[in-house]
There are 2 protein chains.
Amino acid sequence: MDLIFKALADATRREMLDKLLDQPGLTLGDLIAGTEMRRQSASKHVQILEAAGLVVTEWQGREKKHFLNPVPIQEINRRWVDKYSRTRADAILNLKQALEAGSTGKRK
Amino acid sequence: MDLIFKALADATRREMLDKLLDQPGLTLGDLIAGTEMRRQSASKHVQILEAAGLVVTEWQGREKKHFLNPVPIQEINRRWVDKYSRTRADAILNLKQALEAGSTGKRK
DNA sequence: TTGACATGCAGTTGTTTAACTGCATGTTTA
DNA sequence: TAAACATGCAGTTAAACAACTGCATGTCAA
């Protein structure tokens with residue numbers, strides 16, 4: 001779970017996932033096309049995404065095709081985001097009270 | 001958006017959010033109770049959570065009460081997770097083909 | 001009004017991270 | 001089989017991060 005959150009914490013990696021969502025099967029070369037990034041940097045990012053299970057790869061000859069795996073993200077949604085969406089009524093009430101008290105987060 | 005993902009990337013901070021979900025209004029002292037962490041470290045984490053909008057605070061005298069704000073997490077769900085949950089059929093097909101080809105991600 | 005308390009802010013240090021360069025390995029094609 | 005190609009792996013470096021210590025500021029209670 002920690003690996004997934006860490007992987008998603010980087011904007012470059014989120015952009016990679018976006019590309020793979022639109023165009024499944026891109027190679028490493030495809031992924032860096034149009035960017036300033038070196039091949040080796042992108043490769044490291046892919047490793048992190050693979051370790052988190054967010055990207056699955058398949059070798060075809062000398063090319064490595066990359067595919068987005070949406071399951072871990074759905075996992076986050078199910079096991080984590082849902083919990084906070086179902087915020088209990090009293091918690092929301094407390095938050096509202098804090099906000100309505102004119103709280104700015106700054107000490108008076 | 002980047003601030004939210006970065007804030008969620010740390011396990012300590014996710015635990016803080018869990019505590020605030022269960023017990024709205026905890027102080028900094030409450031948050032570090034039972035942990036090895038120093039007050040100052042926890043304070044830094046809270047700053048990061050506040051900057052991401054995940055935590056809202058209210059001063060009551062010399063105490064600072066902390067509240068979870070579920071809105072940014074719901075934002076992530078709406079603007080980001082949904083996109084990957086609605087993965088297009090052909091993308092899933094491509095992924096399945098990659099997996100069924102016995103791909104281990106390792107070069108043959 | 002003074003001492004205990006809750007927190008903030010500044011600075012230090014060790015670890016992690018992300019970029020790079022250089023070289024190695026396996027694959028296709030002429 | 002040799003050259004061009006796609007990628008991997010190792011090592012370096014600079015920036016970001018997370019923990020700490022020490023000191024300052026504002027609040028409560030005797």
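Naming convention: chains lettered A, B, ... in sequence-line order (proteins, then strands); numbering from 1 in each chain.
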* Asked: What's the CD-P distance between B:Gln47 and D:dA16, to the nearest Å?
  -> 17 Å
* Structure fact -> d(A:Gln40 CD, A:His45 NE2) to nearest 0.5 Å is 12.0 Å
* Atom-pair distance (CG on A:Leu26; C1' on D:dA6), nearest Å -> 15 Å
* Just how far is it from atom OG1 of A:Thr35 to atom CE of A:Met16, taken to the nearest 0.5 Å? -> 7.5 Å
* **B:His45 side chain, from C-beta outward: closest of C:dT21, C:dG8, D:dA18** => D:dA18
* Asked: Which nucleotide, D:dG8, C:dA19, C:dC9, lies nearest any side-chain atom of B:Gln40?
  -> C:dC9
* Please figure out whether B:Arg38 or A:Asp30 has its closest DNA chain D nucleotide nearer the 5' end. => A:Asp30
* Over how many whole Å does the gap from B:Arg14 atom CZ to D:dA18 atom P extend? -> 12 Å
* Look at the side chain of A:Thr27 and decide which nucleotide, out of C:dC20, D:dT7, D:dC20, has an atom nearest to it. => D:dT7
* Structure fact -> Looking only at D:dC20, D:dT7, C:dA6, the nucleotide nearest the B:Glu63 side chain is C:dA6
* For B:Leu31 and C:dG8, what is the distance between atoms CG and P respectively, to the nearest whole Å? -> 11 Å
* Asked: Which nucleotide in the set D:dA19, D:dG11, C:dT7 lies at the smallest distance from any side-chain heavy atom of B:Thr12?
  -> D:dA19
* Looking at D:dT7, D:dG11, D:dA19, which one has an atom nearest to any side-chain atom of A:Lys44? -> D:dG11
* Asked: Picking from C:dC20, C:dG8, D:dG8, which would you name as closest to the side chain of B:Ser43?
  -> C:dG8
* Asked: Counting side-chain heavy atoms from CB outward, which of C:dA18, C:dG26, D:dA18 is closest to A:Arg62?
  -> C:dG26
* Asked: Mind checking whether B:Leu20 and B:Leu3 sit in one hydrophobic cluster, side chains of I, L, V, M, F, W, Y counted as touching below 4.5 Å?
  -> no
* Whole-Å distance separating the NE2 atom of A:His66 from the C1' atom of D:dG8 -> 11 Å
* Nucleotide C:dT27, atom C1' - distance to NZ of A:Lys64 in whole Å -> 16 Å
* Over how many whole Å does the gap from A:Lys65 atom NZ to D:dT7 atom P extend? -> 10 Å
* Hey, is A:Arg14 close enough to B:Asp2 for a salt bridge, meaning N to O under 4.0 Å? -> yes
* Asked: Counting any heavy atom closer than 4.0 Å, what does A:Ile48 reach on the DNA or RNA strands: base, sugar-phosphate only, or nothing?
  -> sugar-phosphate
* Asked: So which one's nearest nucleotide on DNA chain C is more toward 5', A:Ser41 or A:Lys6?
  -> A:Lys6
* Counting side-chain heavy atoms from C-beta on, which of C:dC23, D:dA19, C:dG8 comes nearest to B:Leu28? -> C:dG8
* Asked: Out of curiosity, does A:Phe67 fall in the hydrophobic cluster containing A:Ile48 (side-chain heavy atoms, cut-off under 4.5 Å, transitive links)?
  -> no
* Asked: Would one find a side-chain N or O of A:Arg39 under 4.0 angstrom from OP1 or OP2 of D:dA6?
  -> no
* Charged N to carboxylate O below 4.0 Å: is that the case for A:Lys83 and B:Asp18? -> yes
* Structure fact -> Between CD of B:Gln60 and C1' of D:dC28 the distance, given in whole Å, is 14 Å
